[in-house]
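Just so it is clear, the model here is predicted, and its values are computed rather than measured. Chain identifiers are assigned alphabetically (A, B, ...) following the order of the sequence lines, protein sequences preceding nucleic acid strands; residue numbering begins at 1 within each chain. The basis for the numbers below is simple: all heavy atoms, side chains too, and nothing from hydrogens, waters or symmetry mates.
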There are 2 protein chains.
Amino acid sequence: MDSTVATERALDAAEELFYRNGIQAVGMDDIRAVSGVSLKRLYQLFPAKERLVEAYLERRDAHWRERLAEHVERHRDPERRVVAVFDRLGEWFAEPGFNGCAWINSYGELGAASEPVARQVRSHKAAFKDYVAKLVARAGLPVQLGEQVFLLAEGAMVSAAITRSTAPATHAANATRLLIAAHRR
Amino acid sequence: MDSTVATERALDAAEELFYRNGIQAVGMDDIRAVSGVSLKRLYQLFPAKERLVEAYLERRDAHWRERLAEHVERHRDPERRVVAVFDRLGEWFAEPGFNGCAWINSYGELGAASEPVARQVRSHKAAFKDYVAKLVARAGLPVQLGEQVFLLAEGAMVSAAITRSTAPATHAANATRLLIAAHRR
DNA sequence: CGAGGGGGAGAACGAGCGTTCTCCTCCTCG
DNA sequence: CGAGGAGGAGAACGCTCGTTCTCCCCCTCG
């Protein structure tokens, strides 16, 4: 098996298992079993579990933001794009196997114990917030709204995970529409 | 040492250690060392670590909501009370040792592995949401606003933890004021 | 005073797991 | 064909940790 392929399979397994069960609950041997990549190879590709965790979060970050952007950019109207963030969140919440925000979960689990993980989380959240801020700016709306929409999004993710419901996406979208109107006048 | 006192000391140690370091990172022996309660006694009081975790979350829930209520009820104006939720959050975020929402963290760490913990988290969040809803209703504002304020609060907690900043409380409070005004007209 | 038992200190046990090592297979290249 | 090395299977190692056990002290009560 090619080294690139092995890396990909390892990351696929890591994503599936870490996201569903949490990081500490998954052993390297579980990764081996699901990916079919031997332990020896795994440790060649990722010298420690922590590195695999970092790589998992990093790859997931790229994918997650890509899919968000795809969804948002289907809309032309810059104001509509801001609200479209919550369309994407609602869709995500409804996916089978949705289990909350991988970064928030990882932070709760390892933020205190692993600085590299904490860094990944901060970097992902900063990137997401920047993206929202950009959407808000393009719509000619004030910076403040960016912060507010970001907080609504974070709240929706957490709440959707804990209550196993998609409703928070709708509530957050409603709030966003009201806030936009309020800022417009 | 009286059995009531031992329970209290065990819970004090649990709260300090679990909240700061995460639950899985803390061993029963650490609880023993900090509380001064012997392992034998610990296991008499809490037949398994999971029970201690449940008790920790339960006691913290009572305290947390008490302190929120105290803060909110200093204000007479029912509308002001809604915003006062974020005054309390801001104060909390600034406390030394603030490390995010204990329930969100626990859910990220153990929600997938422990049904009792997941239940505690859901119950705490439901209680907090109900409290916000009650404040909103007393101010003669529509139910929808309750959901929105709740999401802002959750988002603020998560964001304050990850960025180690108190600013989210201010942003959420601003959003809430705008939403109240929007709902009033 | 002596038996009994509750409680403490800490060793012990058993499982899980991150990481490494051993041994074997098989492919490659001279 | 033969040497060498990469890679796989899985055992082994060492550590952590939840939980239990042993041994001892000391207080209580007859």
Side-chain angles (χ1 to χ4, degrees), chain A residues 1-57 105-106 108-117 120, chain B residues 1-57 105-106 109-118 120:
Chain A
M1 193 189 319
D2 182 289
S3 174
T4 329
V5 177
T7 303
E8 225 168 285
R9 292 207 187 155
L11 287 173
D12 289 346
E15 180 141 9
E16 180 187 329
L17 296 175
F18 287 157
Y19 182 64
R20 175 151 38 99
N21 305 317
I23 292 168
Q24 314 209 53
V26 173
M28 290 300 274
D29 200 59
D30 299 325
I31 303 279
R32 180 201 55 76
V34 168
S35 66
V37 177
S38 73
L39 279 180
K40 200 180 195 174
R41 207 90 135 84
L42 272 179
Y43 276 92
Q44 278 171 9
L45 300 168
F46 307 96
K49 186 184 181 183
E50 195 173 50
R51 297 305 185 81
L52 177 58
V53 173
E54 288 180 71
Y56 144 62
L57 290 176
N105 293 348
S106 303
E109 207 177 336
L110 297 173
S114 162
E115 192 47 44
V117 168
Q120 285 282 337
Chain B
M1 192 190 319
D2 183 290
S3 172
T4 329
V5 176
T7 303
E8 225 168 286
R9 292 206 188 155
L11 286 173
D12 289 346
E15 180 141 9
E16 180 187 330
L17 296 175
F18 287 158
Y19 182 64
R20 173 152 38 103
N21 305 317
I23 292 168
Q24 314 208 54
V26 174
M28 290 299 273
D29 201 60
D30 299 325
I31 303 281
R32 179 201 56 76
V34 169
S35 65
V37 176
S38 73
L39 280 180
K40 201 180 195 176
R41 207 90 135 86
L42 272 180
Y43 276 92
Q44 278 171 8
L45 300 169
F46 307 97
K49 187 184 181 184
E50 195 172 51
R51 297 305 184 82
L52 177 58
V53 174
E54 288 180 70
Y56 145 63
L57 289 176
N105 293 348
S106 303
E109 206 177 336
L110 296 172
S114 162
E115 191 47 44
V117 168
Q120 285 281 338

Derivation of the side-chain contact (heavy atoms from CB on, under 4.5 Å) call for S114(A) and E50(A): CA-CA 8 Å; S114(A) 162; E50(A) 195 173 50; 2.6 Å; yes
Check residues 22-30 of chain A and write down every donor-acceptor pair under 3.5 Å in which the side-chain atom is one partner and the other belongs to a residue at least two apart or another chain.
unit_1	atom_1	unit_2	atom_2	d
D29(A)	OD1	R32(A)	NE	2.9
D29(A)	OD1	R32(A)	NH2	3.4
D29(A)	OD2	R32(A)	NH2	3.3
D30(A)	OD2	G27(A)	N	2.9

Please output the side-chain donor-acceptor pairs of residues 33-40 of chain A that fall under 3.5 Å, not counting sequence neighbours, one pair per line with the distance.
unit_1	atom_1	unit_2	atom_2	d
S35(A)	OG	I31(A)	O	2.7
S35(A)	OG	V37(A)	N	3.1
S38(A)	OG	R41(A)	N	3.3

task: Tell me, please, which residues at least two apart from E115(A) pass side-chain contact (heavy atoms from CB on, under 4.5 Å).
output: A118(A), R119(A), R122(A)
Footprint string (nucleotides 15-25 of chain D, 5' to 3'): B base within contact, S backbone only, - free, heavy atoms under 4.0 Å: ---SBB-----
field: Contact list for residues 29-55 of chain B, test ring-ring contact (aromatic ring centres under 6.0 Å, His included), sequence neighbours left out
entry: none
- request: Rounded to the nearest angstrom, tell me the gap between atom CZ in R41(A) and atom C1' in dG18(C).
  value: 20 Å
message: Rounding to an integer number of Å, can you tell me how far L45(B) CG sits from dG6(C) P?
response: 15 Å
task: Round to the nearest Å and state the distance from N21(A) atom CG to dG16(C) atom P.
output: 15 Å
message: Whole angstroms only, please: what is the CG-P distance between L52(A) and dC17(C)?
response: 15 Å
statement: side chain to side chain donor-acceptor pair (under 3.5 Å) pairs touching residues 4-15 of chain B, sequence neighbours excluded, are D2(B)-T4(B), D12(B)-R59(B), E15(B)-R59(B), E15(B)-R60(B)
